[in-house]
Every structure is written in structure tokens, then in C-alpha cells.
Amino acid sequence: MTLAETPNYKNSSNPFLTLNYESALESLGDDYYDEVAAAEFPQHLLRWRNDELLPRFGLDPQVVKDEDFTTAFGQFQGRKPLLALRYHGYQFGEYNGQLGDGRGFLYGQVRANDGELYDFGTKGSGRTPYSRGGDGMLTLKGGVREVLAAEALHYLGVRTSRCLSMIETGLPLWRGDEPSPTRSSVMIRMSSSHIRFGTFERLHYFQRPDLTKKLLDYVIEQYYRHLNAEEDKYALFYAELVKRVAELVAQWMAAGFCHGVLNTDNMSITGESFDYGPYGFIPTYNPYFIAAYFDYSGRYCYSHQPSICQLNLQMLQEPLKAIIDKAEMESGLARFDEYYEAEYSFLILKKLGFMELAHPQAQELLNLTIEFLKVSQVGYHQFFYEMVRTFSSKWRDEPGFVMNGSDIVPVPGASAIFDDWCILYHQILNDFDIGHTDIIAQTLAVHNPKTVLLRPVIESIWESIAQEDNWQPFYDLVEAIQSRR
């Protein structure tokens with residue numbers, strides 16, 4: 001059944017069903033997906049609607065009703081076809097050819113006001129041919145965690161997917177890693193693309209370079225349009241993907257974020273962050289912080305993220321070499337470290353209050369900051385927020401005023417580093433005109449919010465929901481994140 005034939009589509013009063021959906025990916029043919037049906041749920045309680053996203057698609061939040069969300073994104077009425085994408089991937093270094101959308105599907109593709117095409121994808125919408133032994137469902141806690149992660153990362157400047165809605169579905173779920181039965185949810189994720197590194201790896205596995213080229217042409221046409229007319233567009237695509245991924249992982253690192261499971265099926269071909277399972281924000285600067293309890297070797301720990309993303313880009317060369325010259329891809333990948341270091345330095349310096357710092361001692365300040373955080377083990381996010389809280393023009397007067405009155409107490413062995421840091425910050429501050437002080441204060445405040453999604457914060461939010469069905473702390477936390485408090 002085509003979209004135009006979908007019952008009640010044209011005459012529906014539901015604004016989500018009257019959006020101008022495009023069949024861009026569907027038009028590639030069923031070598032890339034399977035048509036599936038959504039699960040039926042006994043309950044549809046809208047727990048989260050992201051009104052911030054609606055105007056991007058020409059929708060007025062005041063007009064869109066809660067039942068519009070539940071009808072479209074909980075009951076899945078009026079939308080066909082629903083497409084479960086096929087892909088493979090390297091999981092913890094081992095190739096897995098049994099993957100694919102196992103608990104979600106592509107609900108639809110919509111072009112937003114910015115002219116870009118976005119995917120609406122589900123999570124927790126039931127079994128597909130790729131569910132294997134799974135039930136295709138999403139725990140309510142998993143939905144809560146992903147909403148929070150996506151909003152927090154977005155407001156920290158990370159290029160990320162975001163959640164459009166989350167609906168509690170009333171199904172009891174059994175999970176071995178948490179008390180069971182637990183509550184269930186279905187979520188709509190808005191992302192730039194549903195296509196993963198593993199989508200290409202699957203085509204290579206089946207030795208289909210024709211399908212690889214067809215998909216690559218689609219990716220460039222939709223997501224790298226500025227390259228479409230270039231004679232060497234394929235090599236330029238790969239080089240730009242390298243840059244996007246390097247900058248993305250730098251954004252994670254500066255935000256103190258650990259994704260947790262950087263398998264190639266969790267890497268987007270557009271260089272966007274998505275799929276937040278066992279993520280974690282580091283409480284202190286611990287290079288070996290592990291987000292996933294099952295990552296026993298620490299393969300995906302915090303400090304390994306840049307090298308893992310670089311490795312995943314290297315492995316992507318294998319399916320792409322049927323289309324792109326290997327030497328050209330190696331040349332593109334060779335700039336990964338350059339892109340990463342430039343973006344990471346830029347972001348940390350912004351956290352230190354400097355939007356642009358072409359200063360001979362800028363790198364020394366950055367290095368001293370990381371060294372102090374690592375040796376002292378003060379709170380990673382606390383350190384930067386204390387800069388916001390205590391910043392004053394008096395910092396220009398003498399080094400002793402820098403961070404004066406803060407709650408930062410260096411441990412033995414870190415005091416000398418902290419003193420050196422205060423002296424250097426004082427020196428750099430005095431190289432700016434006095435009128436620039438307010439700009440530095442504003443930069444600090446924008447890039448260092450007080451609210452941080454550390455694990456105890458998330459667990460406290462979930463405790464209120466699980467024990468009392470009290471959602472107000474969740475809504476308060478989202479509001480604090482969105483208002484950068």
C-alpha cells in the first residue's frame with residue numbers, strides 16, 4: 001500500500017498524518033528494508049512531547065493535541081509503509097551478520113523548514129524480522145534515559161538525534177538487569193538519517209557493490225548535497241564524514257560524555273550521535289570511565305572514544321572501496337586527529353570562557369586544566385560550574401582571586417598544578433581589555449550549566465516515577481536542561 005492509499009491519510013485532522021512525508025529511502029527498493037507492522041499496546045499514556053521540535057515542521061504546539069501524538073506515535077494509525085532497515089555491524093570488534101532494526105522502524109521522512117530531510121524512527125514498537133530472541137520493546141526507564149540524554153547533549157552543543165515523543169504502553173517487561181516486571185514505552189526519535197556504517201557493511205557482506213553505490217549516491221544526494229556536482233564527490237564525502245565524526249567525538253569528550261557502545265551499527269553515516277543505551281557522564285576526569293556494565297575490557301571507555309571512532313571509519317573503508325579509491329580514503333582519514341584536536345581545544349576553551357583564544361599560552365591553559373582535573377579528581381562538571389559561580393573582574397587583579405570562594409579543594413599533589421592554573425588564567429585574562437570581562441562571564445555561563453545528568457540524578461528521577469508515578473521531577477529536570485540552568 002502506498003502512502004497515498006493509506007486510509008484516512010488525506011482527510012485526517014491529525015497534523016502528524018498530514019505532514020508532507022517523502023518516500024526517499026523507500027524509493028531505493030526493498031533490498032534495504034522490510035515492511036513491518038507496529039505492535040498493539042494496551043495503553044497509551046503520553047509522558048513526553050517535545051514541543052520545541054514542532055515548529056521546525058510547520059506545526060504549532062498550541063494546536064497539536066496530546067491525542068495526536070498517541071494516535072500517530074503509539075497506535076501508529078494512518079502511516080504505511082513502516083520500514084525496518086537491514087544492517088550488520090562490528091560489535092565489540094566481532095562481526096555480527098544477524099542485526100537490523102529489531103525493535104524499531106522508520107516511521108517516515110519529513111523535510112523541515114531548514115530544507116533538510118529528517119527521519120522519524122521508533123524505538124520499542126515491537127518485533128521485526130531482526131528481533132531474534134528479543135521482544136522488540138523498550139523499558140520506560142530506557143525511554144526516560146534517552147529523552148534526557150538527547151536533550152542534555154543538544155544543549156551542550158553535541159550534534160545529536162532528539163526525541164519527539166515517549167508514550168507509556170502498559171506492557172509489563174522482563175529484563176535481567178533490573179527489577180521485573182518493569183514498565184514499557186515506545187519512543188519516536190528524530191534524526192538526520194537512519195543509515196548506519198553497518199548498513200554499508202551488510203551490503204559488502206553480500207557482495208553487492210551495485211547496492212552500495214546506489215545507497216552511497218542516495219546519502220550524498222540527501223545529506224551531502226553540496227558535494228553532488230563534484231567530480232570526486234565520493235572521496236570528498238568520505239573526507240567530510242571523517243571530519244564530522246572527529247568533531248562529534250570531540251563534542252562528547254568536552255561534554256564529559258561516554259556513549260558506552262560504539263559498535264559500527266551505532267555510527268550514523270551523517271556523523272550524528274544517536275541511540276543512547278548505557279551512556280554516562282563522567283563524574284570526575286577518569287579516562288577509563290566505563291558506561292556499559294557489560295564492557296568488561298573497557299573497549300568503549302571514555303578515553304578510547306576517539307580511537308574507536310577512527311577505527312570504525314577505517315573499517316567502513318572496506319565496503320566503500322568498491323566505489324572510492326582506498327588511497328583517497330586513507331588520505332581523508334589521516335586528518336582525523338587534526339580535526340579532533342582542533343574541535344576539542346575549541347570546546348574546552350569555550351568552557352574556560354574564551355570563544356576565540358589565539359593566545360600563545362592557550363594550549364598550556366588547556367593542558368593544565370586537564371592535568372588538574374585528572375590529578376585532583378574534583379568533579380569534572382563542578383570545576384567548570386564553579387568558574388561560572390565565582391567569576392569576577394577581581395580575577396584580573398591577582399592570581400589569588402581566581403576561583404576564590406569556590407568549593408574546589410585540591411587534594412595533595414594537585415595544589416601546585418592548581419596554583420599554576422590560577423596564575424596562567426590571571427595572565428591571559430589581563431591580555432584582554434577590561435570590557436571583555438563580561439563576554440567571558442557570559443561564555444562561561446552558556447557552556448557550563450549547573451544541571452548535569454550524572455547517574456545519581458537520573459536514578460533519583462526514575463525512583464520518583466517507579467515508586468510514586470511522580471513525573472514532576474522529570475519535567476523539572478528537562479526544563480532545567482533546556483533553560484541551561
Side-chain angles (χ1 to χ4, degrees), residues 25 28 31-33 84-102 104 106 119 121 130 158-161 189 191-209 211-224 227 234-252 259-277 292 299-300 304-324 326 328-330 332-333 335-336 339-340:
L25 197 147
L28 293 179
D31 290 302
Y32 303 95
Y33 56 77
L85 266 64
R86 303 170 179 175
Y87 52 83
H88 290 177
Y90 286 91
Q91 298 192 314
F92 288 88
E94 299 294 327
Y95 193 79
N96 188 340
Q98 304 297 317
L99 300 176
D101 283 336
L106 177 62
D119 287 5
Y130 310 104
V158 176
R159 187 166 185 261
T160 177
S161 65
R189 176 194 293 142
S191 61
S192 61
S193 177
H194 223 60
I195 298 171
R196 308 153 189 257
F197 287 19
T199 313
F200 287 91
E201 288 166 339
R202 173 185 171 274
L203 299 176
H204 177 68
Y205 179 85
F206 287 113
Q207 299 182 0
R208 294 299 304 270
L211 295 180
T212 300
K213 184 177 185 301
K214 186 177 180 180
L215 183 62
L216 186 55
D217 284 338
Y218 167 84
V219 166
I220 294 173
E221 179 182 357
Q222 294 296 341
Y223 309 114
Y224 297 80
L227 303 178
Y234 298 120
L236 290 173
F237 150 76
Y238 182 80
E240 183 166 329
L241 176 61
V242 169
K243 185 174 188 292
R244 290 188 188 189
V245 172
E247 291 176 348
L248 173 65
V249 71
Q251 292 164 8
W252 289 343
H259 184 283
V261 190
L262 289 178
N263 298 326
T264 58
D265 54 294
N266 287 335
M267 300 285 293
S268 168
I269 203 66
T270 63
E272 180 183 61
S273 183
F274 76 107
D275 202 8
Y276 304 116
R299 178 185 179 88
Y300 297 139
H304 287 178
Q305 292 183 122
S307 61
I308 286 293
C309 287
Q310 190 171 15
L311 175 62
N312 288 345
L313 283 162
Q314 183 176 14
M315 291 193 294
L316 182 62
Q317 292 180 10
E318 190 65 21
L320 293 183
K321 71 181 183 182
I323 316 299
I324 310 173
K326 185 71 178 291
E328 290 183 317
M329 288 193 287
E330 289 290 355
L333 186 58
R335 299 192 67 183
F336 182 94
Y339 295 137
Y340 171 79

Tell me, do [X] and [Y] make a side-chain contact under 4.5 Å, heavy atoms counted?
X	Y	value
Y87	Y130	no
L262	W252	yes
I195	L215	yes
L85	L25	yes
N96	N263	no
Q314	L311	yes
M267	R196	no
V245	F336	yes

Using a 3.5 Å distance criterion without hydrogens, assess whether the side chain of [X] forms a donor-acceptor pair with backbone atoms of [Y].
X	Y	result
Y339	E247	no
K214	L28	yes
R159	T270	yes
N266	F274	no
R189	S161	no

Do you know the tightest heavy-atom contact between [X] and [Y]?
X	Y	answer
H204	P319	CB-CB, 3.5 Å
Q251	V158	OE1-CA, 3.3 Å
L216	I324	CD2-CD1, 4.2 Å
S191	E272	CB-OE1, 3.3 Å
S193	S268	O-OG, 4.4 Å
I323	P209	CD1-O, 3.9 Å

With side-chain contact (heavy atoms from CB on, under 4.5 Å) as the criterion, how do D31 and L203 come out once you've worked through the C-alpha distance, each side chain's angles and the decisive distance to 0.1 Å?
CA-CA 9 Å; D31 290 302; L203 299 176; 5.9 Å; no

Yes or no on side-chain hydrogen bond (donor to acceptor under 3.5 Å, both in side chains) for Y238 and Q317, after CA distance, side-chain angles and deciding distance?
CA-CA 9 Å; Y238 182 80; Q317 292 180 10; 3.1 Å; yes

With side-chain hydrogen bond (donor to acceptor under 3.5 Å, both in side chains) as the test, would you mind laying out the steps for R86 and Y32 before giving the verdict?
CA-CA 6 Å; R86 303 170 179 175; Y32 303 95; over 6 Å; no

Using 0.5 Å steps for rounding, measure from the CG atom of L320 to the CE atom of M315.
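Nearest 0.5 Å value for the CG-CE distance: 12.5 Å.
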
Within this structure, what is the CD1-CD distance for the pair I308 and Q305, rounded to the nearest 0.5 Å?
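Going from CD1 on I308 over to CD on Q305, the span is 9.5 Å.
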
Y205 OH: over 12 foreign heavy atoms closer than 6.0 Å:
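Check fails, neighbour count at 12 or below.
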
Aromatic ring proximity [X]/[Y], centre distance under 6.0 Å:
X	Y	answer
F197	Y90	no
F200	H88	no
Y300	H259	no

Sole candidate of Y218, Y224, Y223 that passes ring-ring contact (aromatic ring centres under 6.0 Å, His included) when paired with F237:
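Answer after filtering Y218, Y224, Y223: Y224.
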
Carefully, step by step, assess H194 and Y33 under the rule ring pair (Phe, Tyr, Trp, His ring centres under 6.0 Å).
CA-CA 11 Å; H194 223 60; Y33 56 77; over 10 Å; no

side-chain contact (heavy atoms from CB on, under 4.5 Å) between F206 and L211, worked out:
CA-CA 10 Å; F206 287 113; L211 295 180; over 6 Å; no

Sidechain N-carboxylate O distance under 4.0 Å for D265, R202:
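R202 and D265: not salt-bridged.
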
Electrostatic pair K321-E318, nearest N-O below 4.0 angstrom
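Salt bridge between K321 and E318, a charged N being under 4.0 Å from a carboxylate O: yes.
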
Output, in order, the C-alpha distance, side-chain angles, deciding distance and verdict of side-chain hydrogen bond (donor to acceptor under 3.5 Å, both in side chains) for T264 and E201.
CA-CA 9 Å; T264 58; E201 288 166 339; 2.7 Å; yes

Geometric cation-pi criterion R299 and F92, 6.0 Å radius, 45° cone:
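Negative - R299 is either too far from the ring of F92 or too far off its axis.
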
